[in-house]
Amino acid sequence: MSFDTIAVVDWSARGAPSPAKPAADAIWIGVARDGAVSCHYHRTRAAATAALAALFEAERAAGRRVLAGFDFPFAYPRGFARALTGGDDPLAVWSALAGRIADGPDNRNNRFAAAAALNDLFPGIGPFWGCPAGFSDPRLPQKGSARHGHGLPEKRGCEARARGAQPCWKLYTTGSVGSQALLGLPRLQALRDRFGPDLAVRPFEEQDAPIVLAELFPSLVAGAVADLAEPGEIRDRAQVRVLAGALAALDPGHLDRMTREGDAEEGWILGLGHEAALAAAARRAAPARAPVLPPRLSDDCFAMPQGVDWVPVDDALAKLRDGLHPVTGTERLATAAAAGRVLAEDVSARRSNPPRPNAAVDGYGFAHAATGAGVQRLPLVAGRAAAGQPHPGAVPAGQAIRILTGAILPAGVDTVVLEEDTALDGGTVVFDGPVKPFANTRKAGEDVAEGALALPAGHRLRAPDMALLSALGIAEVTARRPLRVAVLSTGDEIVDTPAKPALPHQIWDANRPMLLALARGWGCEAVDLGHAPDDAARIARRLDAGARRADVILTSGGASAGDEDHVSALLRRRGRLTSWRIAVKPGRPLALAVWRGVPVFGLPGNPVAALVCALVFARPALSLMAGAGWVEPRRFTVPAAFSKRKKPGRREYLRARLTPDGAAEVFRSEGSGRISGLAWATGLVELPDGAVEVTPGSPVAYIPYSAFDLV
Ligand code: AMP
Ligand code: MG
């Protein structure tokens, strides 16, 4: 049996409605349905129960099975049922409690009085305990230690195995799951009454009912919840969301078997003993389902308007920019480990830098107000102020103190005179006035004030940023996970590594190592898909692997429309290909497609064209997908050291480098098979779409490799 819908309920024992604005101490319900998880907030138990009943009705009517889990015990330790009902059936306890508990539409309830009365069933004091100071009934002690002689076990068997599970006798303060059960079981009994045999309570009832209730303990997946919570997400919400997603992602047969495990009298926590499977399912469910992530790409996001033949470079870039969006999830990590990562959130200064006014030089500090023009003679106080060694006392007006660079200004000091501008006369420092007020000091927060924005979301952390964040006391940041970029080479002639021999008709793969290195240099996680011959089935298998393991795929070769161009043929058939004939040299065509929701850049096979297309088109696209925003390389206008007449129609990129006097020279051949020119160059000269006549000395746009973040 499998479930179509999973509802995970985080119950609450509040005595009044929860706040109107979603808060932690309330009822949260996560509903996993059709591959998505929605979260619902309820202010009262009555409202939550009504919502669950409506969900059950709707799903039953649609012929869909629901599993609903609740985070309170479905049964009590052995012996309780018999004392209350005369038998061992936990469900008889449910109806007995329903008869004793009053729980109003506004959450007002009699749970403490009801528990006091339940304690009457047992000798001694207890087992229930815990109540607010105002509630006084000798049958319900405030302290657990005041109980004695009631004769019941403290925990159920399953609770002894579940780390952190609280005993169901405790009704007040942290983790008072006892109150949740007293106020929850009667509500579940009402649902049992309403749905009759269509509702089964596991593990006590075996039937394959359309509605199944089970007991849950979200702490079983605490680690996954901590990892998968969205920034700022209320914990209860994260718990129900992650757990609902995890249960939905489990193998259906496995989940069904889990619901049937346990003890007929004491019940069971669903998933106990299967924590690893649950955590793995939670992580499986997360990437596609985490609501922080935008939807996968639509199939037609690269479509060009009908009738467009040659696409100008700028139009192609604009189209890419519009069609793509960030796809990477986020994680918290130590600042020290975050170099190269993209910030997912703005970072504000935890405290000012500098935190207090301090000395900018070695010299003598004093109060400016007590000095004037002409020769100043200030007696020195004992001691000194140095970096890391603050002077504890105040410096009286008219006196001075020895102070070193970086020292906090002691009380009474606002100005420092540079050591070189002073002389010492015994215990007195002598210098020429007037000195400017606040001279040679740094104001508190003059660099960054506490709370000020230090670095914005989307910023990729570089070495200097490590200094800034650390100086501002930022120990951890929320960063994007690296974009995963898969690289595949295609072609029957390609030998995948120079470690293998190549026959005369074969060539070693030049593109894949280049593209993998580019991706790594851009802070991405490179996924090597190896090489596939010109065979559609084998290319498809590699693309499948790429779509599983990466966020974007770069292929090279086979991208034009020729007979052997299997990549474009395959993408046309199965991957919603948009083959762009971009007006760029070298480069055309560029195939853009979506394969199982993952964008594919089909780069030309030619290494020169592959590099130019990767730098011009893939780099800004990958940056956008990685959460770092669209990027434009910086162009420098330099004089040309070459001549060239260029026809209108295509933008052109030439392999170039700067001469010692700063002019751009270009590689001797424009042949796009000349890989040596790529390594000879230190950048590209970009010639505009229109016609140009370049002569030595004409200004041209030079883009250094470094402006493409090429390492
Ligand atoms: P194609 O785009 O498949 O028509 O390939 C264009 C040219 O690039 C051909 O000369 C190919 O042999 C060459 N080529 C394709 N892939 C690679 C590669 N990975 N490394 C080096 N050259 C390649
Ligand atoms: Mg080929």
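Every value quoted in this text rests on a predicted model; they were computed, and no experiment measured them.
Proximity of Trp595 to Asp544: side-chain heavy atoms (C-beta onward) are separated by under 4.5 Å at one or more points. Contact of the Val342 side chain with the Thr328 side chain is not registered, since no non-hydrogen atoms from C-beta on lie closer than 4.5 Å. Counting heavy atoms from C-beta on, the side chains of Leu472 and Val347 never come closer than 4.5 Å. Using a 4.5 Å heavy-atom threshold, the side chains of Tyr705 and Leu678 count as touching. Leu518 places none of its side-chain heavy atoms less than 4.5 Å from the side chain of Val485. In this structure, the side chains of Arg481 and Glu525 stay at 4.5 Å or more apart for every pair of heavy atoms. Annotation: side chain of Pro218 is not in contact with side chain of Val225 (no heavy-atom distance under 4.5 Å). Gln389 places none of its side-chain heavy atoms less than 4.5 Å from the side chain of Leu404.
Listed for the Asp362 side chain is a donor-acceptor partner under 3.5 Å among the backbone atoms of Thr405. A side-chain donor-acceptor contact under 3.5 Å links Asn511 to the backbone of Gly605. Side-chain atoms of Arg241 come within 3.5 Å of backbone N or O of Leu228 as a donor-acceptor pair. The backbone N or O of Ile27 sits nowhere less than 3.5 Å from a side-chain atom of Ser12 that would complete a donor-acceptor pair. The backbone N or O of Ser489 lies less than 3.5 Å from no partner atom in the side chain of Ser556, so there is not a single donor-acceptor pair. Panel note: side chain Asn358, backbone Leu409; no donor-acceptor pair is recorded below 3.5 Å. Arg321 contributes no side-chain N or O that, together with a main-chain N or O of Trp630, makes up a donor-acceptor pair within less than 3.5 Å. The closest donor-acceptor contact from the side chain of Arg43 to the backbone of Ser18 lies under 3.5 Å. Judged by distance alone, the side chain of Asp551 and the main-chain N or O of Arg484 form a donor-acceptor pair under 3.5 Å. Looking at Asp71, its side chain does come within 3.5 Å of a backbone N or O of Trp11 through a donor-acceptor pair.
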side-chain contact (heavy atoms from CB on, under 4.5 Å) between Leu320 and Leu592, worked out: CA-CA 9 Å; Leu320 276 178; Leu592 287 164; 4.0 Å; yes
Working for side-chain contact (heavy atoms from CB on, under 4.5 Å), residues Leu684 and Phe708: CA-CA 10 Å; Leu684 301 175; Phe708 292 111; 3.9 Å; yes
side-chain contact (heavy atoms from CB on, under 4.5 Å) evaluation trace for Leu529 with Val487: CA-CA 6 Å; Leu529 294 179; Val487 178; over 6 Å; no
Step-by-step side-chain contact (heavy atoms from CB on, under 4.5 Å) determination, Leu270 to Leu247: CA-CA 10 Å; Leu270 178 71; Leu247 293 172; 4.2 Å; yes
From CA spacing to verdict: salt bridge (Lys or Arg N to Asp or Glu O under 4.0 Å), Arg651, Asp314: CA-CA 10 Å; Arg651 188 168 300 183; Asp314 287 337; 3.0 Å; yes
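Side-chain atoms of Thr478 and Arg332 include a donor-acceptor pair closer than 3.5 Å.
Ion pair Arg442/Glu446 not flagged as a salt bridge, since none of the NZ, NE, NH1 or NH2 atoms sits closer than 4.0 Å to an Asp/Glu carboxylate oxygen. Ion pairing between Arg341 and Glu331 holds under the 4.0 Å rule for side-chain N and carboxylate O. Contact check on Asp465 versus Arg462 returns a salt bridge, with a Lys/Arg side-chain nitrogen under 4.0 Å from an Asp/Glu carboxylate oxygen.
Using cut-offs of 30° and 60° for the angle between ring planes, the Trp680 and Phe667 rings count as tilted.
Within a 6.0 Å radius of CZ in Phe636, other residues, nucleotides and ligands contribute more than 12 heavy atoms. The 12-atom threshold is exceeded at CZ of Arg635, counting heavy atoms of other residues, nucleotides or ligands nearer than 6.0 Å.
Contact detail for Ala23 and Tyr41: the closest heavy-atom pair is N-CE1, 3.2 Å. When all heavy atoms are compared, the tightest approach of Ala281 to Ala249 is O-CB, 3.6 Å.
Atoms CZ and CG, from Arg619 and Leu710 in turn, are 9.5 Å apart once rounded to the nearest 0.5 Å. Note that the CD atom of Glu632 and the OG atom of Ser623 stand 11.0 Å from one another [nearest 0.5 Å]. In this structure, His531 NE2 and Thr490 OG1 are separated by 7.0 Å, a value rounded to the nearest 0.5 Å. Taken to the nearest 0.5 Å, the CG atom of Asp528 stands 8.0 Å off from the CZ atom of Arg549. Note that the CG atom of Asp10 and the CG atom of Leu243 stand 10.0 Å from one another [nearest 0.5 Å]. To the nearest 0.5 Å, atom OG of residue Ser348 and atom CG of residue Leu455 are 10.0 Å apart.
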